[in-house]
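Down below is the structure, laid out as structure tokens.
Just the heavy atoms: all of them, side chains too, but no hydrogens, waters or symmetry mates, feed the values below. It should be emphasised that the depicted structure is a prediction, and the values quoted were computed from it without experimental measurement.
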Amino acid sequence: MAVLNKIRQRSLFLIFIIAMALFAFVLTDLFKNSDALFGASQDVVATVNGKNINRTDFMSKVENTQRQLGPNATSTQAMNRVYDQEVRRAIMNTQFDDLGLTVEADQMRDLLKQSFSGYAEFQNEAGLFDENKLTEFVANLKAINPERSLLGNFQLNYDDWVTNEKSIAIGAQEQAFYNMVKAGVNSTLNEAEVDYLLENSTRDVRYVQVPYSTINDSLIEVTKGDIKSYISNNKKKFEVEASRDIVYVEFKEAASLDDENNLKTSLNDFINGKAIFENGKNDTIKAFRNVKEADLENYINYTASSDLGYNNTFVKKSGLPATVADTLFNLNVGDVYGPYKDGAMMKLSKMVATKQMPDSAKVRHILIPHIGASSAGLDVTKTVDEAKKTADSVLAIVKSNRSKFPALVTALSSDKGSVENGGEYDYHPSGQMVQPFSDFEFGNNVGDIGVVKTQFGFHIIEILGQKGSSKVVKVATIARNIEPSTETIDNVFTEASKFELAVQDGDFNKIAEERKYTVKPVNGIKVLDEQIPGIGSQRPMVRWAFENGTKVGDYKRFTIPGGGYVVAQVTKVGEKGLMDPETASASVLNEIRKEKKAKMIRAKITGTTVDEVSKNQSRPTTNATAVNMKNPTLTGAGLEPKVVGTAFGLKDGETSGLIDGERGVYMVTVSNVQDATKLDNYQSLANRLSASRASTAQTKVYNALKETADIEDNRATFY
């Protein structure tokens, strides 16, 4: 009681302490997230030239884009596409505003006519574009918004239509903008003349080269200071984004040998059958070898619960699993083979039947589609029953008079690929057509005719010819995916957890080596990367690596696609700015060595002529003829623009000083000057240059605008 009384007496004090603790917690979070503290927007994906890209609108567009890209696209891929589009739109809008470039109502009507004149919804009885129908369609969309309406092969609502109109308008503005740019990049006659002279004026030269390779790399000392100086003098080449290096150990949930053996054991129960006790009563699994052909589909799909459904078709030897094709193909009818491993599956196979089948067949057909059939156009109005009825009627007609087949193909068939050939498909192997179609043409005789239903509708097929004959087999297979058991999955989790705990107080690489785990490095990860080599999509890992609190040496466990875990550790944090000397060394060492070697070579050269340097350095002289500035290549030395440029600055018979080239130090003498004969008119060359510039202007101009734009990218905050 005494304790309770003391608590009551000090309740206000305790409340104050708790309040201060909560305040400190909130304040700490604010300082960790300084944007919230200093008022920066938490709802802006990016800012381009002072204009914000709103998060809510952006995310809505990302969702729509991801739906359009399909199930194989990731949210990051969709996000990057939308971001590029939005940034482009913002950059171009800045230009449009500065120029006062707009799309007026009359122009917009013309643009809509160009875009939608081919849609049946906007055409009159004569097949011509009717603006009133478009106006009516848009008014209806607005009235039923947000419900969708069908246009062509897709559905849209009023908001989609407005977005589409904006895109069309922006496209027109961009076209007008780039047309103005292209009009300003025409080549002048003087530029055409210079280009002509560069390509056609030549020099014959004689040179001596002292290669950098004559000095061993081990004699050249490159210090960290040298690398820093080189980076400082070439800042543009070494500007880098923020990056992270990591290492990781993978713990994959893969089936063990015990899992495979247990799967084999379970499949063995089907070979001879087995008595089982299930659902409180005795039951029997019938022996696979004793199952009749008519019962195989039910047995495989339901009794055996195969992961591959029963395939009731004949196949050639090439259609069997490659590793056991010989064995399966030579089984007697009724024989069972397996269990055997085929890729990621364990299988048990039974020979059902064998026969001879043509190697190729020639047919003609008439395709009657129905609503919902693959490739069915908007003009298809028949239901499945109506299409079947039509197909049966056509079959009756061509059976009684086969000469009518070509005319009926032209009048009725929707298979555009064969209509011009009278519905014919020349000789082709089995399996080239969809399965029911192929089964009919290879399972029947020449002259047979019938109706076959496929995903495309109803086909009236006539077999015109068959060639060759080969053995084919029908094999029934019970297949099970080879998957890790619960015990294996638990063991993988335990291994990953133990390793994660071990690296808490030890060296990541050393502990991995002791446990015989492979450590995989990944360098240069960028803040918006998604794919990690060897793992696949792993955006959570990238986000963690770039979090404010994550530092070198930190580690964390992540789940991976397909099952399993990786334990990753950050090994390097690269800040945005200039590349650090260690990273840059790989690319700059050779350049720095070349500079130092050039000084050493110059210091030991005596002589002022090519022959004197050749004798002094025991290096041969080389002749290079018809050298031009457009392709500054020296015979025997390769691309040497500085050397060739120097030669073009010399007169006939003149000798240069020492030149530091790409592959060595040179001295060159001009032995012949051949200036190009001037043309009377350079207009055709100017036109060619203008066309070349115009073809690349759009890309180059946008890239230049993007490079100079003020862009603040906040995507990493949200994705």
Side-chain angles (χ1 to χ4, degrees), residues 44-65 67-69 78-123 128-146 148-184 694 697-706 709 711:
V44 176
V45 172
T47 303
V48 182
N49 292 333
K51 295 180 180 179
N52 293 335
I53 297 175
N54 178 267
R55 180 179 66 88
T56 304
D57 182 53
F58 183 85
M59 293 182 75
S60 175
K61 290 177 180 177
V62 170
E63 290 175 7
N64 289 334
T65 300
R67 281 196 297 269
Q68 293 168 7
L69 293 175
M79 176 269 293
N80 288 336
R81 175 174 291 196
V82 174
Y83 176 80
D84 290 340
Q85 292 170 348
E86 293 298 300
V87 167
R88 184 184 187 93
R89 180 171 295 184
I91 289 172
M92 297 310 299
N93 278 338
T94 301
Q95 300 301 309
F96 302 154
D97 292 343
D98 290 346
L99 293 170
L101 195 60
T102 60
V103 176
E104 302 302 323
D106 289 347
Q107 185 183 359
M108 192 66 213
R109 280 196 293 270
D110 290 339
L111 291 170
L112 290 174
K113 180 178 179 180
Q114 292 172 19
S115 300
F116 296 103
S117 60
Y119 285 79
E121 290 88 340
F122 306 140
Q123 293 175 352
L128 301 175
F129 177 75
D130 188 335
E131 187 177 329
N132 292 327
K133 290 200 171 190
L134 185 143
T135 304
E136 183 182 339
F137 179 83
V138 176
N140 180 62
L141 275 183
K142 189 173 184 179
I144 65 172
N145 196 45
R148 296 177 177 272
S149 183
L150 187 67
L151 177 61
N153 293 324
F154 58 91
Q155 291 189 333
L156 76 169
N157 59 26
Y158 182 70
D159 294 335
D160 296 329
W161 178 268
V162 171
T163 300
N164 193 41
E165 276 196 5
K166 288 179 180 177
S167 297
I168 292 171
I170 290 170
Q173 287 174 302
E174 284 196 18
Q175 188 63 50
F177 176 82
Y178 287 123
N179 285 342
M180 289 190 289
V181 170
K182 289 175 183 178
Q698 185 165 325
T699 300
K700 288 183 176 179
V701 166
Y702 174 71
N703 288 340
L705 291 172
K706 185 177 180 180
I711 301 175

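In terms of modelled atom types and a separation under 3.5 Å, the side chain of Asp110 and the main chain of Gln107 share no donor-acceptor contact. For the pair Asn179 (side chain) and Gln175 (backbone), a donor-acceptor distance under 3.5 Å is present. With Thr163 contributing its side chain and Asp159 its backbone, the two residues share a donor-acceptor pair below 3.5 Å.
The side-chain heavy atoms of Phe129 and Leu134, taken from C-beta on, include a pair separated by under 4.5 Å. Between Ile144 and Tyr158, the closest side-chain pair of non-hydrogen atoms is not below 4.5 Å. The shortest side-chain heavy-atom distance between Arg81 and Leu69 falls under the 4.5 Å cut-off. Between Leu151 and Glu121 there is a side-chain heavy-atom pair separated by less than 4.5 Å. You'll find the side chain of Gln698 stays beyond 4.5 Å of the side chain of Val181, heavy atoms only. Contact annotation: the side chain of Phe58 never approaches that of Asn54 to less than 4.5 Å [non-hydrogen atoms, C-beta and beyond]. Side-chain contact check for Lys51 versus Asp97: some heavy-atom pair is nearer than 4.5 Å.
Defined by atom type and a distance below 3.5 Å, a donor-acceptor pair is missing between the side-chain atoms of Glu136 and Asn140.
Separation of atoms CE (Met92) and NZ (Lys706) is listed at 13.0 Å; rounding is to 0.5 Å. Separation of atoms CZ (Phe122) and CZ (Phe137) is listed at 5.0 Å; rounding is to 0.5 Å. The CG atom of Asn164 lies 4.5 Å from the CZ atom of Phe116; values are rounded to the nearest 0.5 Å. Distance check, rounded to the nearest 0.5 Å: CD of Glu174 to CG of Asn93 gives 9.0 Å. Separation of atoms CG (Leu101) and CZ (Phe177) is listed at 8.5 Å; rounding is to 0.5 Å. In this structure, the separation between CE on Met59 and CG on Asn64 is 12.5 Å, given to the nearest 0.5 Å.
Within 6.0 Å of CZ on Arg89 lie more than 12 heavy atoms contributed by other residues, nucleotides or ligands.
Ion pairing of Lys61 with Asp57 is present here, as a side-chain N (NZ or NE/NH1/NH2) and a carboxylate O approach within less than 4.0 Å.
Taking every heavy atom of both residues into account, Leu111 and Ile168 meet most closely at CB-CG2, 3.8 Å.
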